[in-house]
Structures are given as structure tokens and as C-alpha cells.
Colleague: 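If you scroll down you'll find the structure; I have some questions about it.
The structure displayed is predicted, hence computed values, not measured ones. First the proteins, then the strands, lettered A, B, ... as listed; each starts at 1.
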Number of protein chains: 2
Amino acid sequence: MEFSAVDSEKFAVQEFRERCRNAGLALTHQREIIFRTVYEMRSHPTPEAIYERVREQLPSISLGTVYKNLKTFLDTGLLREVSPMHGSLRVDAITEDHHHVVCTQCRMVVDLGEEELEPVRLRVQLPDGFVLKRCVVEFYGLCPRCAAKPDKPR
Amino acid sequence: MEFSAVDSEKFAVQEFRERCRNAGLALTHQREIIFRTVYEMRSHPTPEAIYERVREQLPSISLGTVYKNLKTFLDTGLLREVSPMHGSLRVDAITEDHHHVVCTQCRMVVDLGEEELEPVRLRVQLPDGFVLKRCVVEFYGLCPRCAAKPDKPR
DNA sequence: TTATTAAACAATAAATATTATCATTCGTCA
DNA sequence: TGACGAATGATAATATTTATTGTTTAATAA
Ligand SMILES: [Mn+2]
Ligand SMILES: [Mn+2]
Ligand SMILES: [Zn+2]
Ligand SMILES: [Zn+2]
């Protein structure tokens, strides 16, 4: 899949307006620039990095606005979180390779042994020169408890 | 694989002493308790959670000591980081399902389309009642640049 | 277009997470 | 046992994220 083919600039921004409308979000200048900036960066950027870029076009924007809108975009599905695990360090006493089942609500992490999964197989080569250390599969969703409850326990 | 079968308590602590010795780490009371605590928790805990538990046995330990030792353990391979991506939020403008190639040194993230991988197949059921939302494969390693350099650029 | 209203904004403070500094204590090894 | 480097505890500093508040802006309808 060529992502660049599917989502052209214009389409993405059109889509953005559409989705804001559907989600009942006001279409502000800041919002559009923040979204377009993330979209153009294509590097899985941090809020800080986005802020730096956006500031070039909107010198008076505040970091808080960037954070708040990123969160809004994540909530409405306009953007995705690269690793729903983030927030604080999580350590694993099991040093053998294995995989994880993760609840995105309470952040519970359950192990899944290597052999509980068919081996992961690439159809292409990894980027030339990339030195692979490990491969982890993460299943994201809601644990039974969180699936039952209406919202955000923790 | 039953992890509990492989690594019995005693074995793990023995292994721990061995590895400390090999890595030239002093064997302190604090270290042993921190490690044993993480090992017993088996819940991919945060530094804060570990600190709370360890404090029950070592009321005078400081949070900084917990952090420093966790980092040491990660460096020496005694523990593993659940998500080498953590540290700060990373957002993705691509909302279609896809996978990632991640450099654990500079934290660069490169996309890998769904169809560049054989479909991931489970040999077992996910935990009963778990509502699966998405499945992400992450390939961790060193990007060409970081593989070439001796240490920690960023 | 203009008035009304709710939402979003910038500025700022506060909370949370993590790392650094340093004087003291402790483990290692001769 | 004694010297010495490493580790600890206390604390400060930094980084990341969220909350608060007064002001501005976008959406809606007259
Ligand atoms: Mn695990
Ligand atoms: Mn991506
Ligand atoms: Zn949950
Ligand atoms: Zn790299």
C-alpha cells in the first residue's frame, strides 16, 4: 500500500473538515494547521515537535492548544496514537521474546507466549541496513472489565 | 509456554546475582528487593507501582533509586521495557491499520503496510471477554544510522 | 450582517514523570 | 580490615502533560 497515493493532501484536509463537522468540532485556523502539519510531517512526531513546526505558521499558538487538539484528534479518530502504552515506563520481568494483549483503557498488559502465535512473516525486506533485535505483536482492545463498564476506570 | 514453569523464584534470583556479577554491578539489598518485587508482580508495573511495593519492605528507599536501578536492569537485560516507544506521545496521521519499524536508539518510526506482512494468526483464543480493536506488529532494532554509530545519538 | 452563545484560544499554573546532583553509606577486593 | 569506587537517599531540576481562567473566535439564527 502506498499511503501517499491514498491520502492526497487535499483529500486529507477535506476529510478533516468533514470529520470535524461530524464530531461537532469547530473548524478553527489552529486546528487545521495542526492537523495539516502532522499530516505533512509523516514522522510520527511528538507534541513538542509538532508545536515547533506549527509555530512557524502560527507564532502565537500555545503548546497547550497543541496538546488539547492532538487529544481531541485522537479521540475522534483523526489521528492515531503510535503506542497506546505510553505515559510511563512499564517493565517486564520476562526477558524471553513474547507478545502482549493490552487494554487501552486501564492499560493492563497480559502476556502471550511466542508459540501462541503463528510466526510473524514479512513479505518484504526491512529497510536496508536495519538491524532487527526483536519483533513484538500487540493486541489492543478492551479487557473484560473495561468492556463492561461505561467509561474510563483505571 | 508457561513462564512460571521456566523461571522459578529461586532460579530467577540466582540468575539475578549471576548477572549482576557479570555486569560488574554491586549486589545491594535494595537491588535484590527491587528485582524480586518486579519479578513477583508479573504485571508489567510502572516505577511508581514498584516503588510502592518495595517500600513495604524497605521504607527508606527513594524513588530515584528505583528509577536508577530499573534503568540499570534494562541496560543489562535483566528486565525489558514493554514499549521502547514510551517517553512521550507519538501521533500517526495514517489511520489505516499498519505496522512499524522502530529504532530503539533514535526512536525513528517507519511505516510498514498491512500487506507487507503475512496476516498475524493466533493459535489460541484471546482472554475471554477481551474486545479486540487492532493488532500492531513492531519491529525493534537499530536504524542504519544508529547501527553505524558507536552510541546514543538522538 | 449582526447579535448570541458555546467552544476554542493563549497564558499560566499545577500535576505527573523522569533525571541529575551530591553528601553519605555500603559492597568489593586486596 | 581498610581503601576505594559504586550505590543510596535526599533533594533539586527538567520534561511531559493536564487544568484553570479570562479573552477571542466560530457557529447559528434572527
Ligand atoms: Mn510481558
Ligand atoms: Mn505509522
Ligand atoms: Zn481494562
Ligand atoms: Zn536510529
Colleague: Name the residue closer to the 5' end of DNA chain C, choosing between L63(B) and A26(B) according to the nucleotide with the nearest heavy atom.
Modeller: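 The residue whose closest nucleotide sits nearer the 5' end is L63(B).
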Colleague: How close or far is atom C1' of dA12(D) from atom NZ of K68(B), stated in whole angstroms?
Modeller: 14 Å
Colleague: So, is T65(A) near the phosphate of dA10(C), with a side-chain N or O under 4.0 Å from OP1 or OP2?
Modeller: yes
Colleague: Could you state the atom-to-atom distance from CG of L89(A) to P of dA15(D) in whole Å?
Modeller: 18 Å
Colleague: Quick one: is Q30(A) getting a side-chain N or O under 4.0 Å of the dA10(C) phosphate, OP1 or OP2?
Modeller: yes
Colleague: Measuring to OP1 and OP2 of dC9(C), would you say a side-chain N or O of T28(A) lies under 4.0 angstrom away?
Modeller: yes
Colleague: Check this one for me: any side-chain N or O of S60(B) less than 4.0 Å away from OP1 or OP2 of dT8(D)?
Modeller: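 No, outside the criterion.
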Colleague: With a 6.0 Å cut-off on ring centres, are F16(A) and F73(A) close enough?
Modeller: yes
Colleague: Counting only heavy atoms not in R53(B), do more than 12 sit closer than 6.0 Å to its CZ atom?
Modeller: no
Colleague: Rounded to whole angstroms, how far apart are NE2 on H29(B) and C1' on dA7(D)?
Modeller: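 Answer to the nearest Å: 14 Å.
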Colleague: Check the distance between dA8(C)'s P and N69(A)'s CG and give it to me in whole angstrom.
Modeller: 8 Å
Colleague: Round to the nearest Å and state the distance from I34(B) atom CD1 to dG9(D) atom C1'.
Modeller: 12 Å
Colleague: Closer than 3.5 angstrom, by distance alone: can the side chain of E116(B) be matched with the main-chain N or O of G113(B) as a donor-acceptor pair?
Modeller: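 Checking the backbone N and O of G113(B) against the side chain of E116(B), a donor-acceptor pair under 3.5 Å is found.
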Colleague: Return the 5'-most residue of the pair G87(B), S62(B) with respect to DNA chain D, ranking by each residue's nearest nucleotide.
Modeller: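 The 5'-side residue here is S62(B).
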Colleague: Determine yes or no for a side-chain-to-main-chain donor-acceptor pair under 3.5 angstrom, with R90(A) supplying the side chain and V82(B) the backbone.
Modeller: no
Colleague: Hey, is the side chain of Y67(B) poking within less than 4.0 Å of OP1 or OP2 on dT19(C), counting only N and O atoms?
Modeller: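 Checking dT19(C) against Y67(B), no side-chain N or O comes under 4.0 Å of OP1 or OP2.
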Colleague: Nearest to the side chain of P47(A) - dA7(D), dT17(D), dA27(D)?
Modeller: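 For P47(A), the side-chain atoms sit closest to dT17(D).
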Colleague: Please report, rounded to the nearest Å, how far the P atom of dA11(C) is from the CG atom of L58(A).
Modeller: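 Whole-Å distance recorded here is 12 Å.
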Colleague: Could you give the CD1-to-P distance, from I61(A) to dC9(C), as a whole number of Å?
Modeller: 7 Å
Colleague: Nearest-Å distance, CG (L70(A)) to P (dC9(C))?
Modeller: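 Taking atom P of dC9(C) as the reference, CG of L70(A) is at 11 Å.
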Colleague: Under 4.0 Å, counting only non-hydrogen atoms across every strand here, what does E48(B) touch: a base, just sugar-phosphate, or nothing?
Modeller: nothing
Colleague: After noting the C-alpha distance and the side-chain angles of H100(A) and D111(A), does the key distance pass the side chain to side chain donor-acceptor pair (under 3.5 Å) rule?
Modeller: CA-CA 5 Å; H100(A) 287 139; D111(A) 293 315; 3.2 Å; yes
Colleague: Taking only side-chain N and O atoms of H86(B), does any of them lie within less than 4.0 angstrom of OP1 or OP2 on dT18(C)?
Modeller: yes
